[in-house]
Amino acid sequence: DMTFAKDAVLARNRTLDATLSSQWLHGAIAKNLKADIEMVLRPTEPNFSKYRGYTFNDETVSFRSNPEMIFEGSLSEKGSVEITHTFTPLEKGPALLRADFNLRVFEPSGSFSIGRASTKVYPFRTLIGIKPPESDNDRYGTWLNRDQMHTFNVVSVDGEGNPIGRRELEYEIYQIRWRWWWEKSRENLSNYFERENVRRIASGKVTTRSNGENAIQLKLPENADGGRYLIRVKDPSGNHSSSTVVYFNWGSRNNTSTS
């Protein structure tokens, strides 16, 4: 069994404190047995009840983790051992990682029992979220009117979902070629951004207010086509970023879009 000192690992200390313990099936303490712990990190999306509809991950950023052995040793006379692991800072990556642990405790015969545990890891002190406007629906799908101004809400929070105000953020608007959408099953958006000469159509800055919130007002330039667009927001001082993909129609519409 593996128990954690805290519910999550936060970026302000990046340290995991846990206890690995084991006992025999009949209840006796399994003392002085060899044990090891392997860890794999997997990206996931934060779920803050106050910020429903926001995304805190960036589709243009890829993250890969190889299995890492974070402990090899022996249990104590009491059948347990304290585990401490410090996570390496990330230059870029997801807002939230799930740390999955594979636990093994070895019997004197060489056989071993297996256990599993997991916890949350927030790699960044400040998380940036973005929420797209509601789209119109018609028989052709879901879209935003390219002739109107639209509001994209942004927020800056810590790993516990508390607002962090006065953050100067940078945003960029990219047009995504249709070819990628037809080939989406074979490559993800991060690969597309790494390989393709993507077209940036706009950029700017926005500073969150004291409550951690603000908004980007976006209207496509007159020479911009309809289609798929990616809106990306980054905290340059903290390195975290998030993005959302929306679809703009190809021509003027008589009905209005809700923003």
Side-chain angles (χ1 to χ4, degrees), residues 45-61 95 126-157 161 163-184 187-190 192-193 196-236 240-259:
E45 178 80 29
N47 182 18
F48 301 126
S49 59
K50 186 179 178 180
Y51 300 108
R52 301 293 187 190
Y54 285 80
T55 178
F56 289 86
N57 281 342
D58 188 350
E59 293 193 58
T60 71
V61 174
T126 303
L127 308 180
I128 308 304
I130 183 170
K131 181 180 180 181
E134 294 182 8
S135 303
D136 289 333
N137 292 279
D138 64 11
R139 62 196 179 104
Y140 299 106
T142 302
W143 48 272
L144 297 176
N145 191 314
R146 66 190 294 268
D147 297 323
Q148 295 182 355
M149 187 74 71
H150 298 281
T151 300
F152 290 78
N153 293 312
V154 296
V155 66
S156 51
V157 301
I164 298 177
R166 311 302 180 189
R167 302 293 291 192
E168 185 178 86
L169 311 177
E170 300 173 347
Y171 67 86
E172 299 170 312
I173 317 298
Y174 293 93
Q175 184 177 19
I176 303 174
R177 296 177 185 173
W178 281 101
R179 183 184 69 80
W180 177 81
W181 291 96
W182 294 116
E183 299 180 356
K184 186 176 180 181
E187 61 175 322
N188 59 40
L189 193 51
S190 62
Y192 174 85
F193 265 70
E196 300 288 336
N197 184 20
V198 294
R199 181 191 176 200
R200 188 176 72 177
I201 67 164
S203 62
K205 296 182 179 181
V206 59
T207 301
T208 56
R209 296 184 287 267
S210 58
N211 64 354
E213 301 176 10
N214 208 330
I216 300 168
Q217 302 297 329
L218 172 63
K219 182 180 179 182
L220 291 186
E222 291 296 327
N223 62 347
D225 296 325
R228 301 279 180 173
Y229 285 80
L230 180 137
I231 295 84
R232 182 172 186 259
V233 186
K234 180 179 179 179
D235 175 14
H240 181 251
S241 59
S242 63
S243 65
T244 186
V245 176
V246 294
Y247 170 70
F248 285 91
N249 67 1
W250 286 85
S252 299
R253 303 276 181 153
N254 293 326
N255 51 339
T256 58
S257 171
T258 303
S259 298

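The structure presented is a predicted model; accordingly, all values stated were derived computationally and were not measured.
Looking at every heavy atom in both residues, Arg209 comes nearest to Asn214 through NH1-OD1, 3.2 Å. Across all non-hydrogen atoms, the minimal contact from Gln175 to Gly226 is NE2-O, 3.9 Å. Nearest heavy-atom pair across Ala215 and Thr151 is CB-CG2, 3.6 Å. Glu213 and Val155 make their closest contact through CG-CG2, 4.0 Å (heavy atoms, listed as atom of the first residue, atom of the second, distance). Closest heavy-atom contact between Ala95 and Pro46: CB-CG, 3.6 Å. Closest non-hydrogen pair, Pro236 versus Leu169, comes out as CD-CA, 4.3 Å.
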Verdict with reasoning, Thr60 to Arg232, per side-chain hydrogen bond (donor to acceptor under 3.5 Å, both in side chains): CA-CA 9 Å; Thr60 71; Arg232 182 172 186 259; 3.2 Å; yes
Chi angles and distances behind the side-chain hydrogen bond (donor to acceptor under 3.5 Å, both in side chains) call for Ser242, Asp58: CA-CA 4 Å; Ser242 63; Asp58 188 350; over 6 Å; no
side-chain contact (heavy atoms from CB on, under 4.5 Å) between Ile201 and Tyr174, worked out: CA-CA 6 Å; Ile201 67 164; Tyr174 293 93; over 6 Å; no
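Residues that satisfy the side chain to side chain contact (heavy atoms under 4.5 Å, CB included) test with Arg52, not counting sequence neighbours, are Asn47, Ser49. Evaluation of the side chain to side chain contact (heavy atoms under 4.5 Å, CB included) rule for Ser203 yields Glu172, Arg200 as partners, not counting sequence neighbours.
Side chain of Asn249 to main chain of Arg146: a donor-acceptor pair is present (N/O by atom type, distance under 3.5 Å, no hydrogens or angles). Side-chain atoms of Ser156 never come within 3.5 Å of backbone atoms of Arg167 as a donor-acceptor pair (strictly under, hydrogens ignored). Looking only at distances, no side-chain donor or acceptor of His150 sits under 3.5 Å from a matching main-chain atom of Glu134.
Summarising the geometry, atom CD1 belonging to Ile128 is positioned 12.5 Å from atom OG1 belonging to Thr55; distances are rounded to the nearest 0.5 Å. Remark: Ile231 CD1 to Ile173 CD1 distance equals 5.0 Å, nearest 0.5 Å. Atom CZ of Phe56 sits about 8.5 Å away from atom NE2 of His240, to the nearest 0.5 Å. In this structure, CD1 in Ile130 is found 12.5 Å from CG in Asn57, a value given to the nearest 0.5 Å. Here Glu45 contributes atom CD and Tyr54 contributes atom OH; the two are 13.0 Å apart, rounded to the nearest 0.5 Å. Within the model, atoms CG of Leu230 and CD1 of Ile176 stand 5.0 Å from one another, a figure rounded to the nearest 0.5 Å.
Within the 4.5 Å cutoff, side-chain heavy atoms of Lys205 are placed close to those of Glu168. Taking 4.5 Å as the limit, every side-chain heavy atom of Leu144 sits out of range of all side-chain heavy atoms of Tyr247.
A ring-centre distance under 6.0 Å is not found for Tyr171 and Phe152.
Judged as a ring-ring contact (aromatic ring centres under 6.0 Å, His included), the pairs with a partner in residues 204-234 (not counting sequence neighbours) are, in order, Tyr229-Phe248.
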